[in-house]
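All chains are named by letter (A, B, ...) in the order of the sequence lines, taking the proteins before the strands, and each is independently numbered beginning at 1.
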Amino acid sequence: MPELNGTKLLARNVAAVRRSSALAVEQVAGNPVSTRLESGVGNCFPGLECDLRNLERRFLPFLEVEFVTLVTSAGDREFILPVAVDMEGAERAFAAGALSEQDISIYRDIDAAIATGGLVAGIQLNGTFGILGRLELDLFEFIGMPAAGPGRVPPDLWTAVRMLTEGTPVEVTFLLQDRGVTLVLETTRARYLDDNGALSAAFLPGELTQSLCSPWTHDFRDCGCFYWASNHPDIVQPVFPAGTPPQDPQPWTVDVPWQRRERQVSTNPPPSATQNSPAPIEIRHYEINRRWQELHFVMGRRETTSAFKPIEQAGKPLPDLPALLAHLRYAAGVELGVAQEYLTAAYSLKPDDDATMAGNPQLRDDIRATRSELMRIAIGEMRHTRAVNDVVRALMPPGGFQPALQVARLLPPVPPSLIRPVEFRPANRAAIEDFIAIEAPSAGVDGLYFNILATLETPPPDVRPFAAPEWTEAISSIIAEGEDHFQTFLDIREWLAPYAESDYLRSTAPPRPLPGQAEHDALQQAYVQLLENLHLGYARGRLPGASPINAARVSMIEQIDPLAHAVAAKGFLVVFDELADDRFRPIDPP
Amino acid sequence: MRRMAEIAPESSATPYFRFRSAVGEHVLIVPHSRIFDLSGDAARDWDRDGHAARETALMLAAETLGEAGLSDVVMPQPQSISLNVSSACNLSCGYCYADRGKFAGAQPKRMDLDTARAAIDDLLLHADRASPVTIGFMGGEPLLNRALVQDVVHYAEKIAAGRGLDLRFSMTTNGTLLEPADIELMRSRRFALTVSVDGDGVVHDRQRPTPQGRGSYAALTKRLAPLIADPGNVQVAARMTVRSGTIDLAARVEAVLAIGFPEVGVSPLRMSADDSALAGEDWPKYLSELTTLSRKELATANTGGAIRLTNFAVALKQIHAGASSPYPCGAGGGYFSVAADGKWYTCHRAIGDPDYEVGESGTLDEQRRRTFLIERHVHSQTDCRCCWGRYLCSGSCHQEARNRTAESCDFIRDWLRFCLSAYCELSTCRPDFFLPRTVN
């Protein structure tokens, strides 16, 4: 049995697979299943999806703390106040030998002091504060300093804690006021994510959102954070009156305050909001309590007064099972084709340590974000390939399934009827535009899947026996994720817009490597082996195929990724050669 | 199916069982019998942090859509019955639980046609069309009342056809009275025939003699031969009883297979009329024999062969499916046994025992059924409710549970542990072993 990745639990029997599948499809109303912590509008301002300040409440193992300003003889100062101790966890760690007798007694003392209502305060914080290095902060003295340059200190206590390097030693001196004693806890700065990138189990459900305010009535007017959720922004475009003739420039495309006092929809758009706008243009504090219901919902930046109706996206059912299978096999090929295009683009970006980016951290961060998102989307396309294969298998008679792993030669048409071949290009502007076009809702890849979905939803007679809800859901998920890909490519275009292509690409015209180029050849070998593993895994099916599928996943990280970097480092474009093997040779649209 | 009650599980009961096999480290999530492989560092992490392991196991144990709740006490419609058609037997096995069909005087007469028809009417009127319905024939030796068996089969078929039911039959017999007419009746139907056979001629004749002390092996093999040669639709299986002191399984199983049975199930005696039940020291030996035999079968299966030991084959398939139940069998739930006098009991082992009587055809006593199902739920068993094997063993046979000992429970757990490991090995080497044979 091959070594599988990380600490994964692999379902073996039918009952375990059932639970794993249930975990995979468990959904709650709200954000889509693809949402991750980092997808949210995380910030230090309340009113958003999560309040990152809550992370620091658990920067010390087994302790939950607040950062509180107390009055001292020297003035207002911030201190670390423990509010709860996870004694169960601490005692368990002590029993396991992970905590010393001295450590556990400190936790016990703090717990006892909290229980009796005594004041416990962290008054000294020593540790390694990221790029600021090791500091010893006496919190009676520490007032923070936003200054830059040598000798600088964090601007406030929360930022200081945030800067503490994960896993490094931290020393906190606690004052137990009732007993008049101080205790020094020597520990390490807790990790917020586990090895799998998931939020640490120390955080309870709801903990990251507990300090969010409900954006309602007075808050809208009172809070000056400019970070309201997207459907309650500060600045909007006004309701567009029906029948307004097109004009250039369109006067209704103006930014107006969402909370403006003048709410009548007239023939003239309301005045645009500027720094010089007179104050009374907005609803006043006392008014909003009466008039909050006049505030409009906002969709796509513009206020709306009618119920939101999503755009109907309907496909055209295919005539029969053979046509459906042909489209599905082509769809799998399209997923592979675009995944390869995205990988080529990702590896064409400058690496983090590129000397030409020195002194431009913003450029470095924008490139890093672009690369990460391109890789994420490419991985998403690979998951789609798997999902399409599952559907193909379900539609085939027993024993008749052959994995769909042929790469598409041409991509589906993008209006107005533009068909283009799979093309290996660096992430230049033209490529990004094409990525946006192919992922656009209702077009390109989406259009292909809408027809497949319609066939499964309104199945012709020979498809009907196989058209289980599971397959409709699988195709719907692919469509939903395509929408996310489209939005992400729009973001990428925005991130890269300020730069010249030569700023962010290793080379604007990297040559395609010829056979014989060592790194390229090694990459192609690994690519073929990857396809072999996928073929074996898909052919065996969901449960028995787990091992080769995992071997394929591991090889993407351990082999393909370093080899692709090596090809790019040599100045070549990362490409995947066409294969002659019948199982993997290019497939044409049906 | 009605949910009558809910019996909470013991909150401190272990939610998982860690085990290993030749292919790696694994964990059984006890509720719903889910098996996960612990790859890489997962096994070490799992064993290192018992608290986290328990939390993970509880999360994985959560019921999924369509899975029956393990705390539920449900009362399904009867879906299968056995008819104790005969109150006599032509053999005189010392260990017989049924007292040769007389059940210590509780069943003095054979069953008549009216009694049988009333039971069948009741069964077929309420049975669920979506699941098979089974009518079994027991006794005593059921073929001593051959005419009734023939009548019942034809009568039940007629009614079932009118109601669109998938009707199946079963019979447990000593096989010595099988006649061509019986074989003809069975071959064309979904008939599961269980034949009691205890080993080669010597062992069999010693354990299963006639009242006059003569052996029955020769008659059995002779009468059975035509059916073995051409079983038609009949699923023929051998059931071998293992008594204390005669635990040499390998030779006995081979002898039974040599008769031509495709597979053999072995059954250790836990209660016996002649004190031949397995006792403390017998259990480790029995386990050793059973696992040795199973290892050989496993080796054959790993290289493409079949498993011929029914206990092992069934255990592997149930583990694969994630079989998980608070009851060891359908007794009192979907299954009942009807005595010759028409009284319904929770199972064929309980005939004549007033504690397990649940009424008559057409008038089942719901309160008594409910009480039985609540009392026999594994969450009600103080010995069992915390055991990791609780949803696989489910407390074992209701009738034998009172004879449970520490040794017999250790045997069950050790056997389950062996089967779990064997399953992981076989499902790695031969994933096709667990694929459905036919796809509808």
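- For chain A, no part of S324(B) is nearby; none of its heavy atoms comes within less than 4.5 Å.
- The parts of H320(B) that come within reach of chain A are both its backbone and its side chain, each placing non-hydrogen atoms under 4.5 angstrom from that chain.
- Side chain of D37(B) to backbone of A11(A): no donor-acceptor contact under 3.5 angstrom is found.
- Of the atoms belonging to A62(B), heavy atoms from both backbone and side chain fall under 4.5 Å from chain A.
- Remark: R20(B) CZ is loosely packed, at most 12 non-hydrogen atoms of other residues, nucleotides or ligands lying under 6.0 Å away.
- In this structure, CD1 on I35(B) lies 13.0 Å from CG on L9(A), to the nearest 0.5 angstrom.
- A donor-acceptor pair is defined here as one N or O able to donate and one able to accept, closer than 3.5 Å; such a pair exists between the side chain of N13(A) and the backbone of I319(B).
- Without hydrogens or angle criteria, R12(A) side chain to C424(B) main chain gives a donor-acceptor distance under 3.5 Å.
- R18(A) places no side-chain N or O within donor-acceptor distance of the main-chain N or O of G322(B), the cut-off being under 3.5 Å.
- At a 4.5 Å heavy-atom cutoff, the contact between E67(B) and chain A is made by side-chain atoms alone.
- In this structure, the separation between CE on M59(B) and CZ on R19(A) is 6.5 Å, given to the nearest 0.5 Å.
- Around atom CD of E532(A), more than 12 heavy atoms belonging to other residues, nucleotides or ligands sit under 6.0 Å away.
- With rounding to the nearest 0.5 Å, the separation of CZ in R92(A) from NE2 in H51(B) is 4.0 Å.
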